[in-house]
Amino acid sequence: TQLLEQSPQFLSIQEGENLTVYCNSSSVFSSLQWYRQEPGEGPVLLVTVVTGGEVKKLKRLTFQFGDARKDSSLHITAAQPGDTGLYLCAGPDSNYQLIWGAGTKLIIKP
Amino acid sequence: KAGVTQTPRYLIKTRGQQVTLSCSPISGHRSVSWYQQTPGQGLQFLFEYFSETQRNKGNFPGRFSGRQFSNSRSEMNVSTLELGDSALYLCASSRTAGVTEAFFGQGTRLTVV
């Protein structure tokens with residue numbers, strides 16, 4: 001069974017600080033996605049990483065896919081209150097159903 | 001291009017009742033997946049429909065059912081509601097069968113009292 005473990009579960013930091021959250025598995029994934037979800041809303045796709053070692057940047061957010069395609073990280077530089085939300089990673093299983101991590105709840109304090 | 005539309009946004013039902021939720025996918029998307037999200041369990045996959053056929057089903061009791069229409073719109077039904085069914089129900093659409101990237105609606109918040 002493929003599982004995705006996210007860490008930390010919860011992170012609260014001050015505006016302007018940097019942070020990294022992780023998404024780990026013992027299984028290989030063909031791709032991984034990162035989503036951000038705000039309270040009472042559906043998750044919004046941020047990025048998909050496909051190639052081992054791939055790095056993608058979205059403004060202050062940097063996403064990396066591990067060389068072995070078993071893990072991914074999300075780094076936020078100079079966090080802002082608008083970055084607050086639940087960050088979810090997901091990847092397709094062999095039946096092309098998305099497997100989801102439990103998420104990292106991020107709070108950025110002004 | 002309109003996004004995924006879920007109706008209603010909020011519902012309050014009594015134990016034992018049944019409920020039907022609706023989802024209209026992005027135009028051109030033929031796959032619709034349903035998820036249940038609760039604080040304790042995270043996102044749990046319910047089922048996926050593609051071309052009016054259930055393609056995959058998660059580990060939920062038979063009280064949870066769904067269907068998809070020829071225009072790709074989908075409905076899910078929960079019968080004999082239990083308190084534990086209180087959750088945010090999310091619908092996601094994608095172009096093809098299988099979900100490699102999901103585009104979600106805003107969800108329906110169901111409260112069972």
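A note on names: the letters A, B, ... follow the listed sequences, proteins ahead of strands, and every chain is numbered from 1. Side-chain atoms are counted along with the backbone in the values below, which use heavy atoms only and exclude waters and symmetry mates.
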Please look at A/Gln37 and chain B and tell me whether the side chain, the backbone, both or neither of the residue comes under 4.5 angstrom of a heavy atom of that chain.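 Only the side chain of A/Gln37 comes within 4.5 Å of chain B.
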Engaged part of A/Ile99 at the chain B interface, taking heavy atoms whose separation is under 4.5 Å: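 Contact with chain B is absent: no heavy atom of A/Ile99 under 4.5 Å.
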Which one wins on heavy-atom pair count under 4.5 Å against chain A: B/Gln44, B/Gln6, B/Arg9?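 With the most close heavy-atom pairs to chain A, the winner is B/Arg9.
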Between chain A and each of B/Leu43, B/Val4, B/Leu90, B/Leu88, count heavy-atom pairs under 4.5 Å; write down the option with the most. B/Leu43
Crowding at CD1, B/Ile12 (>12 non-hydrogen neighbours, <6.0 Å): no
Side chain to side chain donor-acceptor pair (under 3.5 Å) evaluation trace for A/His75 with A/Thr20: CA-CA 4 Å; A/His75 181 80; A/Thr20 302; 2.8 Å; yes
Which distance, rounded to the nearest 0.5 Å, do you find between the CD of A/Glu17 and the NZ of A/Lys109? 8.0 Å
Largest heavy-atom contact set with chain B, pairs under 4.5 Å, which of A/Gly101, A/Gly103, A/Ala102, A/Pro43: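 The residue among A/Gly101, A/Gly103, A/Ala102, A/Pro43 with the greatest pair count is A/Pro43.
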Interface moiety of B/Gln37 toward chain A, non-hydrogen atoms closer than 4.5 Å: side chain
Is the side chain of A/Thr84 donor-acceptor paired with the backbone N or O of A/Ile108 at a distance under 3.5 Å, no angle test?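 Checked: pair present.
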Between B/Asp85 and B/Arg15, does any side-chain N to carboxylate O distance fall below 4.0 Å? no
